Amino acid sequence: MAFTPLHDRVLVRRIEGDEKTKGGLIIPDSAKEKPAEGEVIAVGAGARDEDGKRVQMDVKKGDKILFGKWSGTEITLDGEELLIMKESDILGLIA
């Protein structure tokens, strides 16, 4: 994939949730919510501070993240649906 996010943006692939509930019920596609978990595919170089110095990103390629339900912009690259979002839209890292 030939795509590099700019500044403090990250490229994210959603991680799909379980097909079943804990009780064993199958969740139909029409009832599923979009997952708010993802894997970082690519990161930008970081934003610049007031002095013009780069602010290092807190996430890196391969990190598992949690983000808000309406975060990011959906795009399609190489036939795959991905999200571009600012680093500030990321709520946290999943260990």
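This structure is a prediction, so every number in the text was calculated from the model and none was measured.
Here Met85 contributes atom CE and Asp8 contributes atom CG; the two are 12.0 Å apart, rounded to the nearest 0.5 Å. One finds the NZ atom of Lys86 at 11.0 Å from the OG1 atom of Thr73 (value rounded to the nearest 0.5 Å). In this structure, CG on Leu83 lies 11.5 Å from CZ on Arg13, to the nearest 0.5 angstrom.
Note: the hydrophobic cluster containing Ile94 does not contain Val12 (ILVMFWY, side chain heavy atoms under 4.5 Å, direct or indirect links).
Ala45 pairs by the side-chain contact (heavy atoms from CB on, under 4.5 Å) definition with Arg54, not counting sequence neighbours.
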Donor-acceptor list for residues 55-67 side chains, cut-off 3.5 Å, not counting sequence neighbours:
{"residue": "Lys60", "atom": "NZ", "partner": "Asp63", "partner atom": "OD1", "Å": "3.1"}
{"residue": "Asp63", "atom": "OD2", "partner": "Lys60", "partner atom": "N", "Å": "2.9"}

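Here the side chains of Phe3 and Ile84 are in contact, with some heavy-atom distance below 4.5 Å.
Minimum interatomic distance between Gly68 and Leu91 (heavy atoms only, all atoms of both residues): N-CD1, 3.8 Å.
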* Passes side-chain contact (heavy atoms from CB on, under 4.5 Å), Val10 versus Asp89? Steps please. -> CA-CA 10 Å; Val10 296; Asp89 289 339; over 6 Å; no
